[in-house]
Amino acid sequence: MKIDMHCHTKEGSLDGKVPIEEYIEKLKSEGFGGMLVTDHNSYHGYRHWKKYIKGKRHTDFLVLKGIEYDTFGAGHMLVIMPETIKLRILELRGLPAHLLISIVHACGGIIGPAHPCGEKYLSITNTKSYYKDPRIIRRFDFIEAFNACESEESNASAAKLAEKYGKPCFGGSDAHKIECVGKAYTEVPDEVKSESDLIACVMKDTPFKVGGSYYNKTTKEKMGKANKVLVYSFWVYNKVAGLSKAHKRNEKLKSEYSEREL
């Protein structure tokens, strides 16, 4: 079964342009059997699916709950928790990578870097956290080795990183626009029916086949060198937002660290 493992929806991501039902319809038309919803620091896209669509339409299509988390100083991470676990702390961006990994693992989830060899600040191998401690890669459960919005060079480096550390590979489109939906895939066993099933496959080091084609109309491609301005702006935003939410995040850590439901 082919799954798009990196999906941004209009309901869950500020920069997402595709409603989740349209996303599903496009993937089904291209032979996909499922998707992993990975909105930025939000489960709103998945909640929309669960409240308005699940059990009513597209019952032949698997929708899994994930999130793309913005860490403090280590880039973006893809996180998948068991379906019985609710961790609202994952919707408050800005945790350091080592703490995030510990929380995810303590609650039975898995975590891996998104586009690990991509843009500075957004991708772990191009962050200070990695420069200080490259061994952090050993703590991840998988690595996104194919991202349709990255370059061939970036994906080749990510695949080598996965091979070096013996990590399962994920492939995802990272789509924010309809033209990019389904550009990348991960082949998983047909018996995967839930987040827990997928987690079990990863923990058993199941070899996933990943691949796809490249989407060359991303914002960074259109902007060229000017994209650096956007990247540095994100860095400033990440710092300011992280500091402003620090107190709220710490309170959530105390009260919701092991809350288990969704």
Side-chain angles (χ1 to χ4, degrees), residues 5-6 8 13 36 38-43 65-82 85 87-145 147 150 154-155 157-170 172 174 195 198-199 202-203 231-232 234-254 256-258:
M5 289 284 203
H6 193 154
H8 296 282
S13 293
L36 176 68
T38 55
D39 286 313
H40 293 291
N41 311 298
S42 168
Y43 287 121
K65 178 189 68 175
I67 201 164
E68 184 172 17
Y69 187 88
D70 292 2
T71 66
F72 182 80
H76 293 178
M77 303 294 161
L78 298 177
V79 177
I80 305 166
M81 303 302 299
I85 299 297
L87 280 179
R88 290 195 180 277
I89 188 64
L90 296 180
E91 295 184 84
L92 290 172
R93 61 204 299 279
L95 286 170
H98 279 293
L99 180 56
L100 175 65
I101 294 169
S102 295
I103 292 172
V104 170
H105 285 166
C107 295
I110 56 175
I111 181 172
H115 41 73
C117 304
E119 292 283 359
K120 189 174 183 180
Y121 305 129
L122 310 183
S123 308
I124 190 165
T125 62
N126 288 312
T127 65
K128 287 185 178 180
S129 294
Y130 179 77
Y131 298 152
K132 291 179 179 178
D133 184 14
R135 294 172 299 177
I136 191 175
I137 301 297
R138 299 183 186 278
R139 298 193 66 196
F140 292 121
D141 305 296
F142 62 86
I143 288 176
E144 187 179 56
N147 181 305
E150 288 295 319
S154 171
N155 282 333
S157 296
K160 289 180 180 178
L161 194 67
E163 182 178 8
K164 177 180 178 180
Y165 289 95
K167 302 295 182 181
C169 295
F170 275 17
D174 199 359
E195 291 81 6
L198 179 59
I199 290 169
V202 171
M203 298 311 291
V231 172
Y232 281 101
F234 171 83
W235 180 83
V236 173
Y237 166 72
N238 208 29
K239 290 286 187 180
V240 173
L243 290 172
S244 67
K245 292 184 177 181
H247 176 71
K248 187 176 180 181
R249 188 171 57 246
N250 289 338
E251 291 302 310
K252 288 287 184 181
L253 270 172
K254 294 176 184 177
E256 298 183 12
Y257 180 83
S258 60

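Numbers here simply count residues along the sequence, with the first being 1. This structure is a prediction, so every number in the text was calculated from the model and none was measured.
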Next item on the list: For the pair S123 (side chain) and G118 (backbone), establish whether a donor and an acceptor sit closer than 3.5 Å, ignoring hydrogens and angles.
Entry: yes
Item checked: Gap between atom CG of L78 and atom CD1 of I143 - 0.5 Å precision -> 11.5 Å
Notebook entry, point to check: Minimum heavy-atom separation for G73 to T127, with atom names?
Noted result: O-CB, 3.3 Å
Notebook entry, point to check: I124 and Y130: which non-hydrogen atoms are nearest, and at how many Å?
Noted result: O-CB, 2.9 Å
Note to self: Main chain of A97, side chain of T71: is a donor-acceptor contact present, judged purely on distance under 3.5 Å?
What the structure shows: no
Notebook entry, point to check: Who pairs with N155 by side chain to side chain donor-acceptor pair (under 3.5 Å), at least two apart in sequence or on another chain?
Noted result: Y214
Item checked: Atom pair NZ (K65) and CD1 (I85), whose distance is rounded to the nearest 0.5 Å -> 8.0 Å
Item checked: Shortest non-hydrogen separation from Y131 to T125 and the atoms involved -> CE2-O, 3.4 Å
Check: In chain order, what residues pass the ring-ring contact (aromatic ring centres under 6.0 Å, His included) check against H8, with sequence neighbours excluded?
Finding: H6, H40, H176
Item checked: All side chain to side chain contact (heavy atoms under 4.5 Å, CB included) counterparts of A159, not counting sequence neighbours -> A145
Notebook entry, point to check: Do the non-hydrogen side-chain atoms of L87 and C107 ever get within less than 4.5 Å of each other?
Noted result: yes
Next item on the list: Could you tell me which residues satisfy side chain to side chain contact (heavy atoms under 4.5 Å, CB included) with N41, sequence neighbours excluded, listed by chain and number?
Entry: Y69, D70, R93
Check: When you check the side-chain N and O atoms of R139 and H105, is any donor under 3.5 Å from an acceptor?
Finding: no
Checklist line | Pairs meeting criterion salt bridge (charged side-chain N to carboxylate O under 4.0 Å, His left out) with involvement of residues 158-169, two or more places apart | finding: none
Note to self: Any side-chain to backbone donor/acceptor pair from S13 onto D39? Under 3.5 Å, distance only.
What the structure shows: no
Check: What is the minimum heavy-atom distance between Y165 and P134, and which atoms define it?
Finding: OH-O, 3.9 Å
Margin query: Going by side chain to side chain donor-acceptor pair (under 3.5 Å), name the residues that satisfy it together with R138, two or more places apart in sequence or in a different chain.
Written below: none
